[in-house]
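Structure, as structure tokens:
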Amino acid sequence: MINRKELKTKAKAVLSRSYFMIFLACLAVTLVSGGGTGLNLQKLQNIDPSQISNVKLLLICGIIGILTIIGILFFILLVSPLYVGLKKFILNTSKGSCNLEDLLFPFKNNYKNITFTVFMKNLYIFLWSLPSFIPLVLGITVFDLPDTVMLLVQRIQADSVPAALTLIALSTLLMLLTIIFSIPSIIKDLQYSMVQYILADDPDTNWKTAIAKSKEMMVGNKWEYVKLMFSFTGWYLLCNLACCLGNFVLTPYIETTFAQMYIEISGQSSDYQQNSYNENNFFRGFGSF
């Protein structure tokens, strides 16, 4: 059984000597991952559709399509392997080494295999997420959901309390069904959560082996992973009160803690440098949370 308090204590021990470097690494990856190509469509809302010719409309759709493809390729070819580099950096930092060049590890060590493996992992999760669209699709195609919602909204505007309650019930039912149908993808996401760490340890691991090893490691640990994730809820709420800027400060703590979980369930604890955690240092503010 995973001891969350022990994992966080080990994470704080690593952070106590390397927090600033881990912060820089997490910040760099976050900035790059947020730098994908986007298109500001705000101006298009003020354009009269009757003034747009078919040629212009096709041109706009073409531009949006091209930028979407560029954004997807940007994520696959740069962002995804960069996150593997972040895992490598944090794992090495846990060993006592702290070198920002580790972020470029995937680009120097079997980049093709790392990129393809992460792509296959994300593809599998996406395919498993498709059932979550079933309630919405059935609602639109079978139960004429858009017209039903519009009718209820019109009745609500006429101060109809039953219509408001019906709309709330309908929205709640749709949300619950979507969550239920999302369970397979959630389970798969948990099963594949160690793939990036496995690649950081051995970039030559092929995608089938990496996924199989991750599934094996997560047997009996999926719920522990979820509990560890929710144990940061208080910190997330606190960071959101700081206009999300606190997330930049919190991310190193979260990333380092989950790296400690990988170290623990992969049986490599003895290979990593053990560090004592001084309660009197900067990280005493994190307490046992």
Side-chain angles (χ1 to χ4, degrees), residues 2 25-26 28-30 32-37 68-92 94 102-134 178-179 181-230 232 251 254-268:
I2 299 296
C26 292
V29 173
T30 300
V32 171
S33 63
T37 303
T68 300
I69 293 173
I70 292 175
I72 293 173
L73 290 176
F74 179 85
F75 178 81
I76 293 174
L77 301 178
L78 180 62
V79 176
S80 291
L82 197 56
Y83 271 102
V84 176
L86 179 62
K87 310 301 184 188
K88 180 68 174 180
F89 170 79
I90 295 177
L91 289 176
N92 280 349
S94 299
D102 287 333
L103 290 175
L104 302 178
F105 170 82
F107 304 96
K108 300 176 181 180
N109 297 272
N110 209 341
Y111 167 77
K112 182 178 179 181
N113 179 68
I114 290 176
T115 303
F116 184 73
T117 300
V118 177
F119 170 77
M120 291 303 297
K121 169 207 167 186
N122 292 332
L123 178 62
Y124 271 32
I125 294 174
F126 169 74
L127 293 176
W128 278 99
S129 71
L130 292 179
S132 64
F133 294 99
I134 291 177
T178 300
I179 293 174
F181 279 87
S182 297
I183 290 176
S185 66
I186 294 173
I187 293 174
K188 290 301 175 182
D189 199 5
L190 292 171
Q191 287 181 332
Y192 303 160
S193 60
M194 296 293 118
V195 167
Q196 291 169 310
Y197 292 104
I198 292 170
L199 291 172
D201 261 346
D202 183 7
D204 297 325
T205 307
N206 65 61
W207 69 274
K208 289 184 179 180
T209 303
I211 288 177
K213 288 179 65 175
S214 180
K215 290 172 65 176
E216 181 181 356
M217 291 171 62
M218 292 304 291
V219 172
N221 289 314
K222 289 186 286 293
W223 182 237
E224 296 297 329
Y225 189 97
V226 172
K227 289 192 292 184
L228 181 60
M229 199 163 41
F230 277 101
F232 292 102
T251 298
I254 296 174
E255 288 285 351
T256 306
T257 302
F258 278 101
Q260 296 303 315
M261 180 176 181
Y262 167 75
I263 293 170
E264 182 71 25
I265 64 178
S266 63
Q268 301 183 58

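Numbers here simply count residues along the sequence, with the first being 1. On a predicted model such as this, the values are computed, not experimentally measured, just so you know. Values reported hereafter were calculated over all heavy atoms of this structure, with side chains retained and with hydrogens, waters and symmetry mates removed.
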Problem - Test side-chain contact (heavy atoms from CB on, under 4.5 Å) applied to Tyr262 and Leu91, step by step - result: CA-CA 9 Å; Tyr262 167 75; Leu91 289 176; 3.9 Å; yes
Practice task
Report the distance from atom CG of Asp201 to atom NZ of Lys88, rounding to the nearest 0.5 Å.
Solution key: 6.0 Å
Handout entry: side chain to side chain donor-acceptor pair (under 3.5 Å) contacts touching residues 187-197 (sequence neighbours left out)
Key = Lys188-Gln191
Practice task
Give the minimum heavy-atom separation between Ile90 and Ala259, together with the two atoms involved.
Solution key: CG2-CB, 3.6 Å
Practice task
Only counting residues at least two apart or in another chain, list the ones meeting side chain to side chain donor-acceptor pair (under 3.5 Å) with Lys121.
Solution key: none
Problem - Side-chain heavy-atom pair Val84, Val118 within 4.5 angstrom cut-off - result: yes
Problem - Validation row: Cys26, Leu86 side chains within 4.5 angstrom (heavy atoms) - result: yes
Exercise for the section: Find out whether Ile198 and Met217 are in side-chain contact, i.e. whether some heavy atom of one side chain is under 4.5 Å from a heavy atom of the other. Expected result: yes
Practice task
Could you go through the side-chain contact (heavy atoms from CB on, under 4.5 Å) check for Val226 and Leu190 one step at a time?
Solution key: CA-CA 8 Å; Val226 172; Leu190 292 171; 3.7 Å; yes
Handout entry: 4.5 Å side-chain heavy-atom contact, Leu77 and Thr115
Key = yes
Practice task
Answer whether the closest heavy-atom distance between the side chains of Asn92 and Phe105 falls below 4.5 Å.
Solution key: no
Problem - pair Ile265-Glu224: side-chain heavy atoms closer than 4.5 Å - result: no
Exercise for the section: Evaluate the side-chain contact (heavy atoms from CB on, under 4.5 Å) criterion for residues Asn113 and Leu199: first the C-alpha distance (whole Å), next the side-chain angles of each, then the deciding distance (0.1 Å), finally the verdict. Expected result: CA-CA 9 Å; Asn113 179 68; Leu199 291 172; 4.1 Å; yes
Exercise for the section: Can you run down the side chain to side chain donor-acceptor pair (under 3.5 Å) pairs that involve residues 206-223, sequence neighbours left out, and say none if there aren't any? Expected result: Asn206-Thr209
Exercise for the section: Sequence neighbours left out, what passes ring-ring contact (aromatic ring centres under 6.0 Å, His included) with Tyr225? Give chain and number order. Expected result: Phe258
Exercise for the section: Would you please test Ile2 and Leu228 for side-chain contact (heavy atoms from CB on, under 4.5 Å) and show each step? Expected result: CA-CA 9 Å; Ile2 299 296; Leu228 181 60; 5.8 Å; no
Handout entry: Heavy-atom donor-acceptor pair, Ser80 side chain to Phe75 backbone, under 3.5 Å
Key = yes
Handout entry: Minimum side-chain heavy-atom gap Ile263-Gln260 below 4.5 Å
Key = yes
Completion exercise
Heavy-atom nearest pair, Ala210 first then Thr117, reads CB-CG2, 3.9 Å
Handout entry: OG on Ser132 to CD1 on Ile183, rounded to 0.5 Å
Key = 11.5 Å
Fill in the blank from the handout: d(Trp128 CH2, Ser182 OG) to nearest 0.5 Å is 13.0 Å
Handout entry: Results of ring-ring contact (aromatic ring centres under 6.0 Å, His included) for Tyr83 - residues two or more places apart only
Key = none
Problem - For Tyr111, all residues meeting ring-ring contact (aromatic ring centres under 6.0 Å, His included), sequence neighbours excluded - result: Phe107
